[in-house]
S.K.: 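One structure, pasted below without further comment.
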Amino acid sequence: MRGSDSEPEPGTPGGSDPGPGTPDGKGADHEFLALERELAVFLRRARASSGEMAREVHPELEPAAYGLLVRLEAAGRQRATELAAYFGVGKATMSRQLHSLENLGLVAREPDPADGRAWLVHLTDDGLARFRSVRDARRGRYVRKLADWDRAEVAELARLLHQLNTRAES
């Protein structure tokens with residue numbers, strides 16, 4: 001009990017918490033408030049983890065640029081404009097990040113055979129090797145942290161995150 005002994009806790013009979021599925025006084029469902037709270041924690045941890053992984057790839061790699069390595073490894077050669085659209089950033093931001101990756105020797109550019117005016121960006125052999133080493137270590141951490149989860153639960157989490165990401169793109 002909070003406050004006086006006669007004041008019930010929210011979520012208990014007589015408490016002020018309206019319960020799951022019921023809008024609060026501001027019209028938000030408790031499930032969505034819980035989702036927002038958990039995503040905020042998850043994203044904060046993901047940003048910190050991304051910074052650590054970026055430094056493992058190369059001490060001078062910006063944390064925001066790590067995602068570019070992920071995308072290039074998954075999708076292969078891409079134009080800078082395609083990468084900018086995928087990440088929802090401007091061309092100038094993408095150009096700056098790619099220039100930094102190129103200076104670190106992690107990516108290279110080559111002329112686009114379909115359009116000689118455009119360039120395709122790809123991971124260098126060194127960039128790919130460094131990225132895969134860090135990614136494999138990260139996956140090992142996931143395996144250890146989720147060792148007591150059933151594989152179906154891990155698959156369901158991956159499916160739901162994919163669904164969330166897909167909807168965020170549209």
Side-chain angles (χ1 to χ4, degrees), residues 26-146 149 153-170:
K26 298 177 179 123
D29 289 339
H30 286 273
E31 293 86 353
F32 289 97
L33 293 171
L35 174 64
E36 179 181 27
R37 183 175 49 252
E38 294 304 323
L39 280 175
V41 172
F42 180 78
L43 292 172
R44 186 176 337 114
R45 288 181 178 156
R47 277 190 293 276
S49 177
S50 186
E52 291 168 11
M53 291 183 295
R55 286 186 295 279
E56 289 175 27
V57 170
H58 192 285
E60 297 175 36
L61 182 63
E62 296 177 35
Y66 182 82
L68 288 170
L69 303 180
V70 173
R71 179 65 180 168
L72 288 169
E73 198 269 343
R77 290 167 161 73
Q78 299 234 299
R79 290 183 179 184
T81 53
E82 293 171 320
L83 290 166
Y86 179 81
F87 287 104
V89 299
K91 291 178 191 176
T93 299
M94 184 55 57
S95 178
R96 182 184 58 75
Q97 289 181 343
L98 290 173
H99 184 70
S100 173
L101 288 170
E102 196 171 12
N103 287 339
L104 296 175
L106 301 173
V107 302
R109 295 182 305 149
E110 64 185 40
D112 184 344
D115 181 354
R117 300 166 296 162
W119 294 87
L120 295 175
V121 181
H122 63 92
L123 291 170
T124 62
D125 290 342
D126 184 48
L128 183 60
R130 287 173 179 250
F131 168 76
R132 285 184 173 166
S133 174
V134 171
R135 181 200 57 201
D136 293 347
R138 180 189 64 211
R139 283 188 182 160
R141 288 190 294 270
Y142 289 158
V143 168
R144 287 188 299 279
K145 286 183 180 191
L146 302 177
W149 285 36
E153 292 174 314
V154 175
E156 179 66 0
L157 177 60
R159 186 191 70 76
L160 290 170
L161 287 171
H162 176 76
Q163 184 176 340
L164 181 64
N165 286 325
T166 301
R167 289 190 181 176
E169 289 176 9
S170 57

S.K.: If you define the side chain from C-beta out and look only at heavy atoms, does anything of Glu60 sit under 4.5 Å from Leu104?
M.R.: yes
S.K.: For Glu31, does its backbone N or O pair with a side-chain atom of Asp29 as donor and acceptor, under 3.5 Å?
M.R.: no
S.K.: Take Tyr142 and Val154 through the side-chain contact (heavy atoms from CB on, under 4.5 Å) test and state the conclusion after the steps.
M.R.: CA-CA 10 Å; Tyr142 289 158; Val154 175; over 6 Å; no
S.K.: For the residue pair Gln78 and Val121, establish whether any side-chain heavy-atom pair is separated by less than 4.5 Å.
M.R.: no
S.K.: For the CG atom of Leu146 and the CZ atom of Arg141, what is their distance to the nearest 0.5 Å?
M.R.: 12.5 Å
S.K.: Got Tyr66 and Val57 here, is their nearest side-chain heavy-atom distance under 4.5 Å?
M.R.: yes
S.K.: Roughly how far apart are Glu82 CD and Leu120 CG, rounded to 0.5 Å?
M.R.: 7.5 Å
S.K.: Given 3.5 Å as the limit, does a donor-acceptor pair link the side chain of Ser50 with the main chain of Ala46, or not?
M.R.: no
S.K.: Would you check, one step at a time, whether the test salt bridge (Lys or Arg N to Asp or Glu O under 4.0 Å) holds for Arg79 with Asp115?
M.R.: CA-CA 11 Å; Arg79 290 183 179 184; Asp115 181 354; 3.8 Å; yes
S.K.: Rounded to the nearest 0.5 Å, what separates atom CG in Leu123 from atom CZ in Arg132?
M.R.: 8.5 Å
S.K.: Could you tell me whether Arg159 and Glu156 have a side-chain N and a carboxylate O separated by less than 4.0 Å?
M.R.: yes
S.K.: Assess the residue pair Met94 and Leu68 against the criterion (side-chain contact (heavy atoms from CB on, under 4.5 Å)); give the C-alpha distance rounded to whole Å, side-chain angles, the decisive distance to 0.1 Å, and a yes or no.
M.R.: CA-CA 9 Å; Met94 184 55 57; Leu68 288 170; 3.5 Å; yes
S.K.: Heavy-atom distance under 4.5 Å between the side chains of Glu102 and Leu98, does that happen here?
M.R.: no
S.K.: Within 45° of the axis and under 6.0 Å from the centre of the six-membered ring of Phe87, does NZ or CZ of Arg71 qualify?
M.R.: no
S.K.: What's the spacing between Gln97 CD and Leu69 CG if we round to 0.5 Å?
M.R.: 10.0 Å
S.K.: Please check if atom CZ in Arg167 has more than 12 non-hydrogen atoms from other residues, nucleotides or ligands closer than 6.0 Å.
M.R.: no
S.K.: When rounded to the nearest 0.5 angstrom, what distance separates CD in Glu38 from CZ in Phe42?
M.R.: 11.0 Å
S.K.: Run the numbers on Arg135 and Glu73 for salt bridge (Lys or Arg N to Asp or Glu O under 4.0 Å), then give the verdict.
M.R.: CA-CA 11 Å; Arg135 181 200 57 201; Glu73 198 269 343; 3.2 Å; yes
S.K.: Apply the test side-chain contact (heavy atoms from CB on, under 4.5 Å) to residues Glu62 and Arg96: give CA-CA distance (whole Å), side-chain angles for both, the deciding distance (0.1 Å), then the verdict.
M.R.: CA-CA 11 Å; Glu62 296 177 35; Arg96 182 184 58 75; 3.1 Å; yes
S.K.: Could you state the interatomic distance from CZ (Arg138) to OG (Ser133), rounded to the nearest 0.5 Å?
M.R.: 11.5 Å
S.K.: So do the side chains of Pro63 and Arg47 get within less than 4.5 Å of each other, counting heavy atoms only?
M.R.: no
S.K.: With a 4.5 Å heavy-atom cut-off, do Leu106 and Phe131 have their side chains touching?
M.R.: no
S.K.: Are more than 12 heavy atoms from other residues, nucleotides or ligands located less than 6.0 Å from atom CD of Glu110?
M.R.: yes
S.K.: More than 12 non-hydrogen atoms from neighbouring residues, nucleotides or ligands closer than 6.0 Å to CG on Asn165, yes or no?
M.R.: yes
S.K.: Flag the pair Leu164 / Leu160 as yes when at least one side-chain heavy-atom distance between them is below 4.5 Å, and no otherwise.
M.R.: no
S.K.: Tell me, with the steps shown, if Leu72 and Leu128 meet side-chain contact (heavy atoms from CB on, under 4.5 Å).
M.R.: CA-CA 9 Å; Leu72 288 169; Leu128 183 60; over 6 Å; no
S.K.: Is a side-chain N or O of Thr124 found less than 3.5 angstrom from the main chain of Ala108, in a donor-acceptor match?
M.R.: no
